[in-house]
Amino acid sequence: MDEALEKGKGAIILSAHLGNWEIGGIALALYGYKTSCIALKHKDPRVDEFFRQQRMRHGVEVIPFGYALRRSIRALRENRLLAVLGDRNFSTAEGVEAEVFGKRMLLPQGHALLAYQTGATIIPAAS
């Protein structure tokens, strides 16, 4: 991560819905890394607020999914780490078709396009 951040273009931390990504993002912030994360809203506003407060309380900037593009670009320009869960596609029109565990599925391509456009390094991660 330090090597990627030395370039001054931020870095995209790419993980999946495995392990405890919440603690992973908080750990990065507690180690002193300026960290942002793209997050979907929970259906229950109370649950959403709980998770938002936990992230922010530990120094993680929360970028709501609907506002992700512009704010993600800004975070990378500020040389922040941008945490993204890249194993679920929320668009019905775009993505990359791949076979995962024998099943064809559409995977998101936003993180790759974002890295390409900004020069940010993608760092695969799991927690």
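Heavy-atom basis, side chains included; hydrogens, waters and symmetry copies ignored.
- Residue Gly25 comes nearest to Val60 through the heavy atom pair O-CG2, 3.6 Å, listed as atom of the first residue, atom of the second, then distance.
- Under the 4.5 Å side-chain heavy-atom criterion for ILVMFWY residues, a single connected hydrophobic cluster contains both Leu76 and Leu69.
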query: Step by step, would you call Thr121 with Lys9 a side-chain contact (heavy atoms from CB on, under 4.5 Å)?
result: CA-CA 8 Å; Thr121 301; Lys9 297 185 179 198; over 6 Å; no

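- Using a 4.5 Å cut-off between side-chain heavy atoms of Ile, Leu, Val, Met, Phe, Trp and Tyr, with links allowed through other members, Tyr31 and Leu82 fall into different hydrophobic clusters.
- Salt bridge present: Arg52 and Glu49 bring a charged side-chain N and a carboxylate O closer than 4.0 Å.
- Remark: the backbone N or O of Arg70 is not paired with any side-chain donor or acceptor of Ser72 at under 3.5 angstrom.
- Applying the 6.0 Å contact sphere to CZ of Arg104 captures more than 12 heavy atoms from other residues, nucleotides or ligands.
- The only option from Ile13, Ile12, Leu14 that meets the side-chain contact (heavy atoms from CB on, under 4.5 Å) definition with Ile123 turns out to be Ile13.
- No continuous path of ILVMFWY side-chain contacts below 4.5 Å connects Ile23 to Ile26, so the two sit in separate hydrophobic clusters.
- Contact between Ser15 and Ala125 at its shortest, heavy atoms only, is OG-O, 3.0 Å.
- Of the residues Leu114, Ile63, Ile38, the one that meets the side-chain contact (heavy atoms from CB on, under 4.5 Å) test with Val84 is Ile38.
- The heavy-atom pair separating Ile122 from His111 by the smallest distance is CD1-O, 3.9 Å.
- Across all non-hydrogen atoms, the minimal contact from Cys37 to Arg55 is SG-CD, 4.0 Å.
- A salt bridge is defined here as a Lys NZ or Arg NE, NH1 or NH2 lying under 4.0 Å from an Asp or Glu carboxylate O, and Glu78 with Lys34 fails to meet this definition.
- Pairing each heavy atom of Leu5 with each of Ala11, the nearest pair is CD2-N, 4.1 Å.
- Under 4.0 Å is where a charged nitrogen must lie from a carboxylate oxygen, and between Glu99 and Lys103 no such pair does.
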message: Test side-chain contact (heavy atoms from CB on, under 4.5 Å) on Arg80 and Glu61; report intermediate values, then the result.
response: CA-CA 10 Å; Arg80 298 176 70 86; Glu61 176 195 36; 3.6 Å; yes

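- Here OH of Tyr33 is found 4.0 Å from CE of Met1. Values are rounded to the nearest 0.5 Å.
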task: Start with the C-alpha gap between Arg46 and Phe50, add the side-chain angles, then the distance that decides, and say whether side-chain contact (heavy atoms from CB on, under 4.5 Å) holds.
output: CA-CA 6 Å; Arg46 295 169 297 177; Phe50 171 79; over 6 Å; no

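- Remark: the backbone N or O of Val62 is paired with a side-chain donor or acceptor of Arg71 at under 3.5 angstrom.
- Listed here is the closest heavy atom pair of Thr35 and Ala29: OG1-N, 3.8 Å.
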